[in-house]
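All figures in this text were calculated on a predicted structure; none of them were measured in a lab.
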Amino acid sequence: MKQKYIQDVIAALQFVIIVLSGKADMTSKLTTPPLRIKCFNSVAKRKFKNFCKQHLTSENGRLRSWDSCYLFFQNNFDALASSKPSEELLQHAEAELGFYLASYGMYRSSTVLFHHNHSVYRPIIKRLFKVVSKQGIRPYEPIVSAETIKNLFNAIRAGFKESGLNIKSERILFTKILMGVFGCIPAFDSIFKESINKFKSKNSKNTLIKQLTVGLKTGPQTWIDFANAPEVQEFFKDICPEFIDENARVKKYPIMRVIDLYFWSQEIGKNNL
């Protein structure tokens with residue numbers, strides 16, 4: 001507490017010096033020192049590293065289903081975006097997406113997916129990669145525009161309709177699909193939502209955090225803004241998990257996956273994994 005107090009005092013004094021020296025633009029909106037994000041500290045980093053060590057190091061751990069799904073789609077990006085992907089590739093893509101979704105709770109008996117096999121994903125996969133081709137999305141692209149995410153949501157919705165499925169809880173399922181295939185947006189499930197609500201309450205004066213939402217229409221842009229913030233990038237830089245791609249190269253998780261996993265880990269209990 002004493003160290004944090006000293007850091008806050010130093011930051012405030014530095015701001016006062018800048019203003020008094022005439023280097024600050026007094027007509028700008030900045031009238032107070034930049035707000036730090038509460039909870040983003042060394043203790044939080046250590047806890048998240050321990051969580052990753054416990055749950056991401058085992059090759060057959062449940063959370064590693066995301067790695068398998070994401071790497072498959074990224075490694076076969078161009079082939080899936082081509083005009084005629086092979087039957088074998090499409091069947092593999094269906095299975096990867098289905099198993100990942102099952103691992104992350106989307107095949108409970110109360111869900112519509114429980115009554116269908118992996119073939120329902122073929123129209124979705126085809127439509128998603130039509131958007132990829134049309135908008136020039138590249139493999140391992142960590143952040144895409146909110147407009148692109150909107151188009152991807154529409155592709156998922158149309159794909160399920162083509163398969164004859166009426167999805168009532170679009171928010172959770174659609175974001176989980178985009179997380180598994182592209183890693184471009186957090187999965188807006190109930191655990192993530194609860195964690196974010198607590199995070200926002202602790203940072204109620206931070207405009208960047210106050211705007212965060214898990215709605216399909218307005219949510220994507222708020223998370224893009226959050227992920228692009230220098231303080232956020234700096235915090236996650238040192239605690240970003242890694243995986244090995246098909247060419248044996250070490251790659252870091254995309255920033256949206258790290259954000260997703262971080263807030264999910266804050267709320268989930270050890271017995272729920």
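- To the nearest 0.5 Å, atoms CE (Met106) and OG (Ser169) are separated by 7.0 Å.
- In plain terms, the two heavy atoms of Ile143 and Asn228 that are nearest each other are CD1-OD1, 3.3 Å.
- Summarising the geometry, atom NE2 belonging to His55 is positioned 8.5 Å from atom OG belonging to Ser265; distances are rounded to the nearest 0.5 Å.
- Between the Glu231 side chain and the Arg36 main chain, no donor and acceptor come within less than 3.5 Å of each other.
- Atom CG of Asp225 and atom CG of Leu208 lie 7.0 Å apart (nearest 0.5 Å).
- Checked by atom type, the side-chain pair Gln266/Ser195 shows no donor-acceptor distance below 3.5 Å.
- Transitive grouping of hydrophobic side chains (ILVMFWY, heavy atoms separated by less than 4.5 Å) brings Val181 and Leu89 into a common cluster.
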query: Stepwise, does the side-chain contact (heavy atoms from CB on, under 4.5 Å) test hold for Leu216 with Glu170?
result: CA-CA 8 Å; Leu216 291 188; Glu170 291 186 347; 3.9 Å; yes
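- In this structure, Tyr107 and Tyr121 have perpendicular ring planes: the angle between them is above 60°, well past the 30° mark.
- Looking only at side-chain heavy atoms (C-beta outward), Leu113 and Leu165 come within less than 4.5 Å of each other.
- Nearest heavy-atom pair across Lys202 and Lys38 is O-CD, 3.0 Å.
- A centroid separation of less than 6.0 Å is found between the aromatic rings of Phe192 and Trp223.
- Judged by distance alone, the side chain of Asn41 and the main-chain N or O of Ala44 form a donor-acceptor pair under 3.5 Å.
- No more than 12 heavy atoms of other residues, nucleotides or ligands lie within 6.0 Å of NZ in Lys130, so this atom counts as exposed by the packing criterion.
- Summarising the geometry, atom CD1 belonging to Ile259 is positioned 12.0 Å from atom CZ belonging to Arg257; distances are rounded to the nearest 0.5 Å.
- Looking only at side-chain heavy atoms (C-beta outward), Leu152 and Ile185 stay at 4.5 Å or farther from each other.
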- request: List the steps and the verdict of side-chain contact (heavy atoms from CB on, under 4.5 Å) for Val132 and Leu80.
  value: CA-CA 9 Å; Val132 164; Leu80 287 165; over 6 Å; no
task: Starting from the C-alpha separation in whole Å, work towards a yes-or-no answer on ring pair (Phe, Tyr, Trp, His ring centres under 6.0 Å) for Tyr104 and Phe99.
output: CA-CA 9 Å; Tyr104 280 76; Phe99 189 84; over 10 Å; no
- prompt: Would Gln211 and Thr222 count as a side chain to side chain donor-acceptor pair (under 3.5 Å) if you check the C-alpha gap in whole Å, the side-chain angles of each, and the deciding distance to 0.1 Å?
  reply: CA-CA 6 Å; Gln211 71 172 352; Thr222 69; 5.8 Å; no
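- With respect to the salt-bridge test (charged N to carboxylate O, under 4.0 angstrom), the residues Arg122 and Glu162 do not qualify.
- A pairwise comparison of heavy atoms in Asn60 and Ser58 identifies OD1-OG, 2.6 Å as the closest pair.
- Counting heavy atoms from C-beta outward, Val112 and Asn166 have side chains that stay 4.5 Å or more apart.
- Going from atom NZ of Lys237 over to atom CD of Gln233 covers 9.5 Å, rounded to the nearest 0.5 Å.
- Across Pro220 and Phe153, no two heavy atoms sit closer than the pair CG-CE1, 4.0 Å.
- For the 3.5 Å distance criterion, the side chains of His92 and Glu88 fail to qualify, holding no donor opposite an acceptor.
- Ion pairing between a basic and an acidic side chain is recognised when a charged N comes within 4.0 Å of a carboxylate O; Arg138 and Glu141 show no such pairing.
- Residue Lys200 qualifies as enclosed at atom NZ: its count of foreign heavy atoms under 6.0 Å is above 12.
- Remark: the backbone N or O of Gly105 is paired with a side-chain donor or acceptor of Arg108 at under 3.5 angstrom.
- For the residue pair Ser68 and Glu96, a side-chain donor N or O sits within less than 3.5 Å of a side-chain acceptor on the partner.
- Each of Thr148, Ile177, Leu128, Val144 was checked for a side chain to side chain contact (heavy atoms under 4.5 Å, CB included) with Phe182, and the lone residue meeting it is Leu128.
- Between Val214 and Arg171, the shortest heavy-atom contact is O-CD, 2.9 Å.
- A ring pair (Phe, Tyr, Trp, His ring centres under 6.0 Å) with Tyr253 is found for exactly one of Phe236, Trp66, Tyr262, namely Trp66.
- In this structure, Lys251 forms a cation-pi arrangement with Tyr140, its terminal cationic atom sitting closer than 6.0 Å to the ring centre and no more than 45° off the ring axis.
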message: Would Phe51 and Leu63 count as a side-chain contact (heavy atoms from CB on, under 4.5 Å) here? Give the steps.
response: CA-CA 11 Å; Phe51 175 87; Leu63 297 187; 4.0 Å; yes
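- Ile224 contributes atom CD1, which lies 4.5 Å from atom CD1 of Ile149 (distance to the nearest 0.5 angstrom).
- Between Phe77 and Phe129, the two ring planes are perpendicular [angle over 60°; tilted spans 30° to 60°].
- Counting only distance, with no hydrogens or angles, the side chain of Asp260 and the backbone of Met256 share no donor-acceptor pair below 3.5 Å.
- Remark: the backbone N or O of Arg62 is paired with a side-chain donor or acceptor of Ser65 at under 3.5 angstrom.
- The closest donor-acceptor contact from the side chain of Ser163 to the backbone of Phe160 lies at 3.5 Å or more, if one exists at all.
- Taking all atoms of both residues into account, the shortest heavy-atom contact from Phe243 to Pro254 is CE2-CD, 4.5 Å.
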task: Give the intermediate values and the outcome of side-chain contact (heavy atoms from CB on, under 4.5 Å) for residues Ile156 and Leu178.
output: CA-CA 9 Å; Ile156 296 172; Leu178 291 194; 3.7 Å; yes
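- Checking side-chain atoms of Thr175 against main-chain N and O of Phe188 turns up a donor-acceptor pair under 3.5 Å.
- Under a 3.5 Å cut-off, the side chain of Asp189 and the backbone N or O of Ile172 do not form any donor-acceptor pair.
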